[in-house]
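Here's the structure, in structure tokens; my notes come after.
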Amino acid sequence: MPHEKPGKRSAKAKAPAAAVRRADAARFPGSSVHASLANEIGLRIVRGDYPPGTILPNEAKWSETFDVSRSAVREAIKMLMAKSLLASRPKIGSWVEPKERWNLLDRDVLAWYATAPDREMFLRTVQEFRHIIEPEASAFAAMRRSEEQMAEISQACREMGEATSLQERTRADTRFHLAILRASGNDLLVPLGVLIESALDHLFIFTTRQTSDQRQAQKLHEAIEKNIRLQRPEAARNAVRKLLANTDDGIGRSRL
């Protein structure tokens, strides 16, 4: 029986461990490795894998786990620090910041938050925000909207009704509400709308699935569109409140 060369035996012995590492490693596109890595770590933080106060693995460990360079790890950590999820100090490393310090108006953080185990609470938080903002924004839009802005609102409403898939309807729904915020004429509402766009997407996907009567939901949106178009601020405000109440019912029926 021929003897196996030592080099080959060593390679075989190492193969299973290497295979395991490759199986566990996330595969990231070459030009955005650090951003994809930040997304993966951020998602793990927000969903509770690393609770606040947790000291995270060091650069070498992350590099091994995800099969990426240490420079990519450093850039990913910097991104998460900019979003206030992490803090770092020499000789200590990086740790997860308290939840109240997280930048929840950051688009990425909102997206991670929306997929966390306690996403039902997240959806309710989004709804509270909408109750505070949208009725008055719609009333202002009824008073201030331009013809171009009105056309954008009307088109999004129409596309909601014509949508043939959940994805198409959700995108049109989000465009509808963001267009109203822009038409309100308040410059502070526009960046808020853009920042919560991801949150609205998740909310609308969920509530659309929960709502069996899509025709009723469409009518509620059309009532908002009509009252903004006819420049009836009080009626627009009330129409939004009816829509939000309908969405509240959909969340209330859920068991996420």
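Reckoned from all heavy atoms, side chains included, excluding hydrogens, waters and symmetry mates.
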**OP:** Identify whether Ile133 and Phe140 are in the same connected component of the hydrophobic contact network (ILVMFWY, side-chain heavy atoms under 4.5 Å).
**Re:** no

Subject >> Sequence-distant partners of Ser84, side-chain contact (heavy atoms from CB on, under 4.5 Å), two or more places apart >> reply: none

**OP:** Step by step, work out the side chain to side chain contact (heavy atoms under 4.5 Å, CB included) result for Leu37 and Met79.
**Re:** CA-CA 10 Å; Leu37 180 58; Met79 288 183 65; over 6 Å; no

Original post:
Of all residues at least two apart in sequence or in a different chain, which pass the side chain to side chain donor-acceptor pair (under 3.5 Å) check with Glu147?
Top reply: Arg145

Subject >> Joint cluster assignment, Val190 & Phe129, ILVMFWY side-chain distance < 4.5 Å >> reply: no

**OP:** For residues 147-168, pull every pair meeting ring pair (Phe, Tyr, Trp, His ring centres under 6.0 Å), keeping only residues two or more places apart or in separate chains.
**Re:** none

Subject >> Residue pairs involving residues 81-125 (criterion ring pair (Phe, Tyr, Trp, His ring centres under 6.0 Å); sequence neighbours excluded) >> reply: Tyr113-Phe122

Subject >> Heavy-atom side-chain contact between Met143 and Gln231 under 4.5 Å >> reply: no

Original post:
Do side-chain atoms of Asn227 reach the backbone of Ala223 as a donor and acceptor pair under 3.5 angstrom?
Top reply: yes

Subject >> Exercise: identify the closest heavy-atom pair between Ala142 and Ala236 >> reply: CB-CB, 4.3 Å

Original post:
Listed by chain and number, what are the salt bridge (Lys or Arg N to Asp or Glu O under 4.0 Å) partners of Arg144, not counting sequence neighbours?
Top reply: none

**OP:** Kindly compute the distance separating NZ (Lys242) from CD1 (Ile224), expressed to the nearest 0.5 Å.
**Re:** 10.5 Å

**OP:** Could you tell me the separation between the CD1 atom of Ile77 and the CG atom of Leu85, rounded to the nearest 0.5 Å?
**Re:** 10.5 Å

**OP:** Sequence neighbours left out, what passes side chain to side chain donor-acceptor pair (under 3.5 Å) with Thr170? Give chain and number order.
**Re:** none

**OP:** Before giving the answer on side chain to side chain contact (heavy atoms under 4.5 Å, CB included), spell out for Trp62 and Leu56 the whole-Å C-alpha distance, their side-chain angles and the decisive distance to 0.1 Å.
**Re:** CA-CA 9 Å; Trp62 281 133; Leu56 294 183; 4.2 Å; yes

Original post:
Do the side chains of Thr125 and Leu123 get nearer than 4.5 Å, heavy atoms only?
Top reply: no

Original post:
How long is the gap from CD on Glu134 to OG on Ser138, to the nearest 0.5 Å?
Top reply: 6.5 Å

**OP:** With the side chain counted from C-beta on, respond yes when Met121 and Arg124 share a heavy-atom pair under 4.5 Å apart, and no when they do not.
**Re:** no

Subject >> 4.5 Å side-chain heavy-atom contact, Glu97 and Pro52 >> reply: no

**OP:** Indicate, with yes or no, if Leu178 and Leu188 share a hydrophobic cluster defined by side-chain heavy-atom contacts under 4.5 Å among Ile, Leu, Val, Met, Phe, Trp and Tyr.
**Re:** no

Subject >> Contacts of type salt bridge (Lys or Arg N to Asp or Glu O under 4.0 Å), residue Arg171, not counting sequence neighbours >> reply: none

Subject >> Any Lys83 side-chain heavy atom under 4.5 Å of Asp108 side chain >> reply: yes

**OP:** Sequence neighbours left out, what passes side-chain contact (heavy atoms from CB on, under 4.5 Å) with Pro98? Give chain and number order.
**Re:** Glu100, Arg101

Subject >> Where at least one partner belongs to residues 156-195, residue pairs that pass ring pair (Phe, Tyr, Trp, His ring centres under 6.0 Å), sequence neighbours excluded >> reply: Phe176-His221, His177-Phe204, His177-His221

Original post:
Side chains of Glu64 and Arg70: does their closest heavy-atom pair fall under 4.5 Å?
Top reply: no

**OP:** Could you tell me whether Glu222 and Lys226 have a side-chain N and a carboxylate O separated by less than 4.0 Å?
**Re:** no

**OP:** Evaluate side chain to side chain contact (heavy atoms under 4.5 Å, CB included) for Leu43 paired with Ile41, printing each intermediate quantity in order.
**Re:** CA-CA 5 Å; Leu43 178 59; Ile41 298 174; over 6 Å; no

**OP:** Answer yes when Glu234 and Arg237 have at least one side-chain N-carboxylate O distance shorter than 4.0 Å, and no when they do not.
**Re:** yes

Subject >> Side-chain donor-acceptor pair present, Gln127, Asp248, cut-off under 3.5 Å >> reply: yes

**OP:** Ignoring hydrogens and angles, tell me if any N or O in the side chain of Ser69 forms a donor-acceptor pair with the backbone of Ala72 under 3.5 Å.
**Re:** yes

Subject >> Euclidean distance, Leu192 CG relative to Leu181 CG, rounded to 0.5 Å >> reply: 8.0 Å

Subject >> Within one Ile-Leu-Val-Met-Phe-Trp-Tyr cluster: Met81 and Val68, side-chain cutoff 4.5 Å >> reply: yes

Subject >> Rounded distance (nearest 0.5 Å) linking atom CG of Asn238 with atom CG of Leu243 >> reply: 12.5 Å

**OP:** Determine whether Pro135 and His131 make a side-chain contact, defined as any pair of heavy atoms from C-beta on separated by less than 4.5 Å.
**Re:** no

Subject >> Which residues share a side chain to side chain donor-acceptor pair (under 3.5 Å) with Glu162, sequence neighbours left out >> reply: none

**OP:** Enumerate the residue pairs fulfilling side chain to side chain donor-acceptor pair (under 3.5 Å) with a member in residues 181-193, sequence neighbours excluded, ordered by first and then second residue.
**Re:** Glu152-Arg182

Original post:
So, does Ser63 use its side chain to make a donor-acceptor pair with the main chain of Glu59 at under 3.5 Å?
Top reply: no

**OP:** With the side chain counted from C-beta on, respond yes when Glu168 and Glu159 share a heavy-atom pair under 4.5 Å apart, and no when they do not.
**Re:** no

Original post:
Is there any side chain to side chain donor-acceptor pair (under 3.5 Å) pair reaching into residues 47-58, and which pairs are they, with sequence neighbours excluded?
Top reply: Arg47-Asp49

Subject >> Same cluster (ILVMFWY, side-chain, under 4.5 Å), Ile45 and Ile55 >> reply: no

**OP:** Please round to the nearest 0.5 Å and tell me the distance separating atom CD of Glu225 and atom CG of Leu230.
**Re:** 8.0 Å

Subject >> CA sep, side-chain torsions, deciding dist, call: Cys157, Gln218, side chain to side chain contact (heavy atoms under 4.5 Å, CB included) >> reply: CA-CA 8 Å; Cys157 187; Gln218 182 65 25; 3.9 Å; yes

